[in-house]
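The structure appears right after this line, and notes come after that.
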Amino acid sequence: MKIIHRILITISVCTILLLFAATAGAQDSKQKAFAWIDENSGDLIKISDAVWEFAEIALEETRSAALLADTLEQLGFDVERGVAGLPTAFTARWGEGSPVIGILGEYDALPSLSQAAGVTEKRPLIEGAPGHGCGHNLFGVASLAAAVSVKEVMEEQGIGGTIIYYGCPAEETVVGKTVMAKEGLFDELDAAVSWHPGSQNAVSLNSSLALNSFKASFRGQTAHAAGDPWNGRSALDAVELMNYGVNMMREHVKPTTRIHYVILAGGHAPNVVPDFAQSWYYVRALDREEVELYYQRVLKIAEAAAMATRTELEIELITGVHNMLVNKAIAEANYKNLELVGAPDFTDEEQEFARELQRFFGSEEEGLSEELEPFQEEPYLGGGSTDVAEVSWICPLAQVNTVCTPDGVAWHNWAVVSCSGHSIGHKGMLAAAKVLAASTLDLLTDVELLQKAKEEFEKATEGKEYKSPLDGVD
Ligand SMILES: [Zn+2]
């Protein structure tokens, strides 16, 4: 009995020691990754500023994608360009065997947001040119820094597994990852991590809305609007009738549903009955099933509008996305790593800069947050949509936010462009890189964490095989 007892004590002591060694080892690898990021911060900032200057919009990110892909290639990654038929999409892979962990990167800018960096007033560099109003220059580079620092640690410490950096174009048009997912590019992943610049240091279980983006084109016949209007069939009437019908429908959808449109074409002159008119619609809802339901209803309204105006209707589904499925196990790991990294520190000048921006927007002049928000257990269901959600239905995934702008400042706005090319954005980027690196190391080395993440994912997606919103669309 005594011997068995002693053996048991020895085993448990050994287990504790092993666990301690494993934890210490994990901490050591994380510190090594952080050191790599600190040592290379100057170069990382240069790359981020270069992408900021290129400011290329969705599917035109030629120089941005090339710079990121070239850098990864030079640092030993196996790069494949133009994946999924998208010239500015790429993958960069390092390592061998499982687990296979994905790190998502984005780099597209927004139209008409050209802006000087580090100034607190609207000052376009080139009037009407694009700018990084969502901080994707920081996004792409933090993810790159995470991938490379993890690779360095894996190499040095003989950690097994594969990491893949995904160069994802066209997030702003919600296209890139949807197409990449349809082509099966994320299928081999065991898990993935991502982030987004923000005004808080935060990890949450927030979802995002599922979406269908489509154009409705109507074709009729021109006529003299006063001379022989009876010969005309107005495509603009059809667009107006469709919008009217959809606006009537609004009262009879769930409060979480969002439908918005713009008119892209509506004729050329009042005295010519328009023979072509076109609108662009977004239908958003809590999940794919709801989006499909409302999308079908909007299509019926479009058909009715065409019938009433004797015009011909053509629908073009541009893209679609799922709602975000956040993996709690990975989110918790992200939060622990955010605590380990800590909030970025800002100088008095940076705080003053932030307060000036807040003054401009009429927001509370509280400066930049240097704190971590509490882990947000209660998910917020709503807001915008993101194509990161596509990956979240293929493998377990969670994200983190770090402070890259002050709170109370409008996004997709010149102010974010100004911060994204400034030391404030750089600091948030480097903090995010460290959190992503640490979580990637956790997923590579902590078998229990990966198992927990996978079990949670299996449960959440049970009976729901991933189906691309673009299934059946060429
Ligand atoms: Zn964004």
Side-chain angles (χ1 to χ4, degrees), residues 80 83-86 89-91 93 98-106 143 162-171 173-196 205-214 282-296 317-331 379 381 383-399 440 443 449-474:
E80 204 179 322
V83 292
L86 301 169
F90 68 93
T91 54
R93 161 194 304 266
S98 61
V100 185
I101 310 300
I103 305 173
L104 308 182
E106 297 173 7
S143 302
T162 307
I163 46 172
I164 307 175
Y165 177 99
Y166 285 87
C168 307
E171 194 284 329
T173 51
V174 220
V175 165
K177 294 178 207 71
T178 302
V179 175
M180 292 165 85
K182 191 184 176 203
E183 293 302 311
L185 281 179
F186 304 106
D187 290 355
E188 64 180 305
L189 292 181
D190 288 295
V193 290
S194 188
W195 79 290
H196 199 285
L205 302 183
N206 289 349
S207 188
S208 58
L209 293 177
L211 157 94
N212 267 9
S213 162
F214 64 98
Y282 277 13
V283 173
R284 310 196 206 220
L286 287 184
D287 55 32
R288 285 304 311 162
E289 288 73 29
E290 263 189 23
V291 163
E292 272 305 321
L293 184 85
Y294 293 131
Y295 177 57
Q296 291 305 326
L317 178 63
I318 299 166
T319 190
V321 289
H322 282 73
N323 53 310
M324 179 84 81
L325 179 65
V326 182
N327 190 276
K328 195 176 172 194
I330 303 179
L381 302 171
S385 309
T386 169
D387 64 4
V388 174
E390 288 318 286
V391 188
S392 80
W393 284 88
I394 297 169
C395 70
L397 172 146
Q399 310 191 85
T440 305
L443 289 164
L449 168 68
L450 188 58
Q451 190 56 32
K452 201 174 151 196
K454 282 185 166 187
E455 279 167 17
E456 183 192 326
F457 177 79
E458 293 304 329
K459 209 171 148 196
T461 57
E462 208 179 350
K464 294 180 199 160
E465 184 120 338
Y466 174 75
K467 185 172 173 285
S468 169
L470 296 180
D471 247 13
V473 178
D474 287 335

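Heavy atoms only: backbone and side chains are in, while hydrogens, waters and symmetry mates are out.
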Original post:
Roughly how far, to the nearest 0.5 Å, is CG of Leu209 from CD of Glu290?
Top reply: 9.5 Å
Original post:
Looking at Val179 and Leu470, what are the two nearest heavy atoms and their distance?
Top reply: CG2-CD1, 4.3 Å
Original post:
Heavy-atom distance under 4.5 Å between the side chains of Ser98 and Asp190, does that happen here?
Top reply: yes
**OP:** Could you walk me through whether Leu443 and Ile330 pass side chain to side chain contact (heavy atoms under 4.5 Å, CB included), step by step?
**Re:** CA-CA 8 Å; Leu443 289 164; Ile330 303 179; 4.1 Å; yes
Original post:
Are any side-chain N or O atoms of Thr319 and backbone N or O atoms of Ser213, one a donor and one an acceptor, separated by less than 3.5 Å?
Top reply: no
Subject >> Least distance between heavy atoms, Val291 atom then Ala285 atom >> reply: CG2-N, 3.5 Å
Original post:
When you look at Tyr466 and Asp187, which way does the side chain to side chain contact (heavy atoms under 4.5 Å, CB included) test go after all the steps?
Top reply: CA-CA 10 Å; Tyr466 174 75; Asp187 290 355; 5.9 Å; no
Original post:
Rounded to the nearest 0.5 Å, how far apart are CD1 of Ile101 and CG of Leu450?
Top reply: 5.5 Å
Original post:
What is the ring orientation for Tyr166 with Phe186, classed by angle as parallel under 30°, tilted 30 to 60°, or perpendicular over 60°?
Top reply: tilted
Original post:
Measuring from Met324:CE to Asp387:CG, what's the distance to the nearest 0.5 Å?
Top reply: 9.0 Å
**OP:** Taking the side chain as every heavy atom from C-beta outward, state whether His196 and Glu171 have any atom pair closer than 4.5 Å.
**Re:** no
Subject >> Spacing of Tyr282 atom OH and Leu211 atom CG [to the nearest 0.5 Å] >> reply: 6.0 Å
**OP:** Using modelled atom types only, decide if a donor and an acceptor are shared between the side chain of Thr178 and the backbone of Gly320 within a distance under 3.5 Å.
**Re:** yes
**OP:** Would you give the length of the straight line joining atom CG of Leu185 to atom CD of Glu80, rounded to the nearest 0.5 angstrom?
**Re:** 8.0 Å
Subject >> Leu189 vs Val100 side-chain heavy atoms within contact, under 4.5 Å >> reply: yes
Original post:
Just wondering, do Glu183 and Val83 contact through their side chains at under 4.5 Å, heavy atoms?
Top reply: no
Original post:
What is the minimum heavy-atom distance between Gly384 and Ser208, and which atoms define it?
Top reply: O-CB, 3.5 Å
Original post:
Are side-chain N/O atoms of Arg288 and Asn212 paired as donor and acceptor at under 3.5 Å?
Top reply: yes
Original post:
Is the number of heavy atoms from other residues, nucleotides or ligands under 6.0 Å of Lys452 NZ greater than 12?
Top reply: no
**OP:** Could you pull out the closest heavy-atom pair between Leu86 and Pro169, with the gap in Å?
**Re:** CD1-CG, 4.2 Å
Original post:
Are Glu106 and Lys177 close enough, and set up right, to give a salt bridge (Lys or Arg N to Asp or Glu O under 4.0 Å), and what steps lead you there?
Top reply: CA-CA 10 Å; Glu106 297 173 7; Lys177 294 178 207 71; 2.6 Å; yes
Original post:
Closest heavy-atom contact between Lys328 and Glu456?
Top reply: N-OE2, 2.6 Å
**OP:** Please report the shortest heavy-atom distance between Asn323 and Asp287, naming the atom on each side.
**Re:** OD1-CA, 3.6 Å
Subject >> Test log, rule salt bridge (Lys or Arg N to Asp or Glu O under 4.0 Å), inputs Lys467 and Glu292 >> reply: CA-CA 12 Å; Lys467 185 172 173 285; Glu292 272 305 321; over 6 Å; no
**OP:** Compare all side-chain heavy atoms of Pro469 with those of Glu390 and state whether any distance is below 4.5 angstrom.
**Re:** yes
Subject >> Gap separating the OG1 atom of Thr461 from the CD1 atom of Ile394, nearest 0.5 angstrom >> reply: 11.0 Å
